[in-house]
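This report refers to the structure that appears directly beneath it.
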Amino acid sequence: MKKTIEVIKKNENIFIILLIVLSLLGVVISVSLKVGDELWNFQNVYKMYNGFQIYKDANVICTPLFFYIGNIIFDILGANYFIFRIYNILIFTFYYFMIYKILRELKIGIKASTVCTLILIMLGTYVLPRIMANYNSLAVAFALLGIYLLIKNKCIIDTKNIIAQSIICFLVILTKQNIGLFYLISLTIIILAKKGKNKITGVLLEAGVFIVLSALFLIFLETNGLLYGFINYTILGMKQFASYNVLISLSYILADISILAVNLCTSIFLVKQTKIKINKEERDNLFVLNCFSIAISLLIYPIVNLTHFLLAINIAIILLIYISYIICKKSHIKLKKVNSLLTTFLIILILVDIGINTYRFAQWRKEILKDDYPYNYEEPYYGAIIDDEMVRDIEKVTNYIVGKENEGKNVIVFSSKAALYMVPLKQSNGFYDLPFNGNLGNLSEQEIVNDLKQKSNVIILIDKDSENLLWQENKNLINTIKEDFKYDGNINNFDVYIQ
């Protein structure tokens with residue numbers, strides 16, 4: 001055991017990265033194909049891979065870094081669900097490795113840091129990794145990188161660190177604009193609080209780096225003819241998104257506020273009281289973690305669900321762990337028995353975690369290697385577990401779209417399910433492929449209807465069962481299309497409407 005521990009200590013980063021990958025592989029790769037965020041994000045990256053343009057042919061409502069990185073990975077490794085899930089594993093390996101490194105930089109031991117990281121991975125039966133590759137988790141991962149570097153550099157706010165932090169802030173903004181704004185606010189507060197007489201100089205330097213990088217990005221967009229679409233979807237459409245896509249869970253909001261309040265109040269108590277003397281480094285760490293945890297927690301709005309809640313409170317959980325560590329250390333709690341229990345718990349946790357992932361991977365491998373598995377590596381849905389009914393549905397609807405009877409006609413699947421059929425066809429109907437509230441830029445309902453009327457030989461497929469529409473779909477717009485176009489039969493789960 002001692003030799004094993006010594007080997008792990010010498011290769012700590014490699015061991016932790018390997019452990020995180022093994023903790024993600026089976027549970028991530030064995031997910032069934034379904035209509036949801038993974039499909040929509042995959043579709044947008046796949047459109048870029050097939051030569052379509054972001055913000056023109058793909059109604060992406062956030063900044064583009066996640067999609068550009070995904071496209072590069074597709075160009076190198078191939079474009080299919082298996083590779084997209086490898087992308088997800090890369091994102092969350094980076095994400096959880098940064099959490100581990102922050103805990104270690106806060107002087108929390110290897111075993112305790114590993115236990116905390118594994119618990120966060122497994123939380124809610126692996127809820128976060130199973131939301132699959134997405135811009136929110138990548139943006140938070142970049143934010144965690146920034147926090148790690150700040151703590152590693154003893155929270156010193158000098159010219160070098162301000163430039164580095166401003167670049168990381170830009171990367172966060174380039175991945176998801178609202179999370180980047182929260183990071184920018186936190187960083188500005190920290191500079192103003194810690195820079196002393198030169199605080200204005202520090203903020204100006206931060207602003208200068210940010211402005212230069214932003215100008216280069218906008219020039220890139222304008223050069224590629226994407227600037228208007230970028231503004232339309234990521235800025236003008238945000239008001240509609242925030243107005244219509246509000247999903248509130250009071251329990252998650254109360255939990256979020258409670259954790260932040262406990263952290264803040266306990267941090268103030270530790271700084272103000274005299275019995276438990278904390279040093280300058282600990283005070284700085286508490287201040288930095290409180291700033292970022294409070295700001296990043298705002299990403300829980302407007303869609304307050306479990307995944308957004310867990311993304312929003314991860315930094316707050318790190319802070320809670322750090323506060324607990326400080327209290328235990330200052331209280332001189334004897335850690336011999338605790339350390340022994342921690343070792344046992346860590347071994348059990350690793351065995352359970354690896355066991356779950358091995359079982360899930362074996363299930364996935366068995367499914368993929370079946371003689372009747374419907375896809376090969378060159379097809380986009382390769383790697384996804386898919387039931388026979390969905391395979392038949394995709395085949396029937398795609399055959400209808402490209403069938404001889406519809407040759408020369410513009411078939412639009414006006415549904416959240418559109419990506420299921422557009423992906424294998426390698427086609428794009430622009431924003432009609434995801435006609436959600438908030439994903440339509442500054443277009444009004446009437447402008448969309450008028451646009452459909454102006455199209456020649458248009459055929460519109462609309463879900464038969466309006467009661468089962470996703471909550472983000474615009475029922476008023478769908479009803480208006482039904483009223484303004486003529487019913488012409490059905491295909492599978494869709495009603496067909498023509499001019």
Can you name the side-chain hydrogen bond (donor to acceptor under 3.5 Å, both in side chains) partners of [X], sequence neighbours left out?
{"X": "Ser249", "answer": "Ser251"}
{"X": "Ser293", "answer": "none"}
{"X": "Thr266", "answer": "none"}

What about [X] and [Y], are their ring centers closer than 6.0 Å?
{"X": "Phe92", "Y": "Tyr95", "answer": "yes"}
{"X": "Phe217", "Y": "Phe230", "answer": "yes"}
{"X": "Tyr359", "Y": "Trp364", "answer": "no"}
{"X": "Tyr183", "Y": "Phe142", "answer": "no"}
{"X": "Tyr228", "Y": "Tyr233", "answer": "no"}

Could you pull out the closest heavy-atom pair between [X] and [Y], with the gap in Å?
{"X": "Val172", "Y": "Ala143", "value": "CG2-N, 3.7 Å"}
{"X": "Phe287", "Y": "Ile189", "value": "CZ-CG2, 4.3 Å"}
{"X": "Leu144", "Y": "Ile318", "value": "CD2-CD1, 4.1 Å"}
{"X": "Phe82", "Y": "Gly383", "value": "CB-CA, 4.0 Å"}
{"X": "Leu342", "Y": "Ala112", "value": "CD2-N, 3.6 Å"}
{"X": "Ser416", "Y": "Val35", "value": "O-CG1, 3.5 Å"}

Distance-only criterion, 3.5 Å: show the donor-acceptor pairs between side-chain atoms of residues 126-136 and protein atoms not counting sequence neighbours.
| residue | atom | partner | partner atom | Å |
| --- | --- | --- | --- | --- |
| Tyr126 | OH | Asp353 | OD1 | 2.5 |
| Arg130 | NH1 | Val27 | O | 2.8 |
| Asn134 | OD1 | Asn136 | N | 3.0 |
| Asn134 | OD1 | Ser137 | N | 3.2 |
| Asn134 | ND2 | Met132 | O | 2.8 |
| Asn134 | ND2 | Ser137 | OG | 3.1 |
| Asn136 | OD1 | Lys176 | NZ | 2.9 |

(message) Consider side chain to side chain contact (heavy atoms under 4.5 Å, CB included). Of Asn263, Leu320, Ile151, which one does Leu289 pass it with?
(response) Ile151

Between the main-chain N or O of [Y] and the side-chain N or O of [X], is there a donor-acceptor pair closer than 3.5 Å?
{"X": "Gln177", "Y": "Thr234", "result": "yes"}
{"X": "Asn305", "Y": "His308", "result": "yes"}
{"X": "Thr63", "Y": "Ile173", "result": "yes"}
{"X": "Glu222", "Y": "Ile219", "result": "no"}
{"X": "Asn59", "Y": "Asn439", "result": "yes"}
{"X": "Arg85", "Y": "Val31", "result": "yes"}
{"X": "Arg104", "Y": "Ser113", "result": "no"}
{"X": "Asp57", "Y": "Phe52", "result": "no"}
{"X": "Asp256", "Y": "Tyr252", "result": "no"}
{"X": "Asn290", "Y": "Leu286", "result": "yes"}

(message) Checking Leu149 against Asn161 for the side-chain contact (heavy atoms from CB on, under 4.5 Å) test, could you report, in this order, the C-alpha distance in whole Å, the side-chain angles of both residues, the deciding distance, and whether it holds?
(response) CA-CA 9 Å; Leu149 292 176; Asn161 286 333; over 6 Å; no

(message) Under 4.0 Å between a side-chain nitrogen and a carboxylate oxygen: does that hold for Lys329 and Glu282?
(response) yes

Side chain proximity check, [X] to [Y], heavy atoms < 4.5 angstrom:
{"X": "Asp433", "Y": "Ser428", "answer": "yes"}
{"X": "Phe361", "Y": "Asn357", "answer": "no"}
{"X": "Ile91", "Y": "Phe66", "answer": "yes"}
{"X": "Lys107", "Y": "Glu281", "answer": "yes"}
{"X": "Ile179", "Y": "Ile296", "answer": "yes"}
{"X": "Val304", "Y": "Leu250", "answer": "no"}
{"X": "Asn285", "Y": "Leu106", "answer": "yes"}
{"X": "Leu103", "Y": "Tyr325", "answer": "no"}

(request) List the steps and the verdict of side-chain contact (heavy atoms from CB on, under 4.5 Å) for Ile156 and Asp284. (result) CA-CA 9 Å; Ile156 295 170; Asp284 287 344; over 6 Å; no

(request) State which residues pass ring pair (Phe, Tyr, Trp, His ring centres under 6.0 Å) with Tyr382; sequence neighbours excluded, sorted by chain then number. (result) Tyr377

Less than 3.5 Å apart, any donor N or O on the side chain of [X] or [Y] sitting next to an acceptor on the other?
{"X": "Gln363", "Y": "Ser30", "result": "no"}
{"X": "Lys101", "Y": "Asn13", "result": "yes"}
{"X": "Glu206", "Y": "Thr188", "result": "yes"}

(message) What verdict does the side-chain contact (heavy atoms from CB on, under 4.5 Å) test give for Phe94 and Ile17, after you've listed the backbone C-alpha separation in whole Å, the side-chain angles of each residue and the deciding distance to 0.1 Å?
(response) CA-CA 8 Å; Phe94 174 35; Ile17 289 172; over 6 Å; no

(request) Using the side-chain hydrogen bond (donor to acceptor under 3.5 Å, both in side chains) rule, take Asn232 and Tyr55 through it: C-alpha gap first, then chi angles, then the decisive distance, then the call. (result) CA-CA 8 Å; Asn232 185 34; Tyr55 305 125; over 6 Å; no

(request) With side-chain contact (heavy atoms from CB on, under 4.5 Å) as the test, would you mind laying out the steps for Cys62 and Val60 before giving the verdict? (result) CA-CA 6 Å; Cys62 65; Val60 171; 4.0 Å; yes

(request) Using the side-chain hydrogen bond (donor to acceptor under 3.5 Å, both in side chains) rule, take Asn41 and Asn44 through it: C-alpha gap first, then chi angles, then the decisive distance, then the call. (result) CA-CA 5 Å; Asn41 285 326; Asn44 287 326; 5.0 Å; no

(message) Parallel, tilted or perpendicular, judged at 30° and 60°: which one describes the rings of Tyr81 and Phe84?
(response) tilted

(message) If you count heavy atoms of other groups shown closer than 6.0 angstrom to CG of Leu351, is the number above 12?
(response) yes

(message) Can you tell me how far apart OG1 (Thr358) and CG (Leu22) are? Round to the nearest 0.5 Å.
(response) 7.5 Å

(request) Determine, step by step, whether Phe42 and Tyr87 satisfy the ring-ring contact (aromatic ring centres under 6.0 Å, His included) criterion, reporting the C-alpha distance in whole Å, the side-chain angles of both residues, the deciding distance to 0.1 Å, and the verdict. (result) CA-CA 11 Å; Phe42 177 86; Tyr87 183 25; over 10 Å; no

(message) Using the side-chain contact (heavy atoms from CB on, under 4.5 Å) criterion, which residues pair with Val352? Sequence neighbours excluded.
(response) Met122, Ile348, Ile356

(request) Any chance you could lay out the side-chain hydrogen bond (donor to acceptor under 3.5 Å, both in side chains) test for Glu12 and Tyr100, step after step, and finish with the verdict? (result) CA-CA 11 Å; Glu12 182 181 341; Tyr100 176 83; 2.6 Å; yes

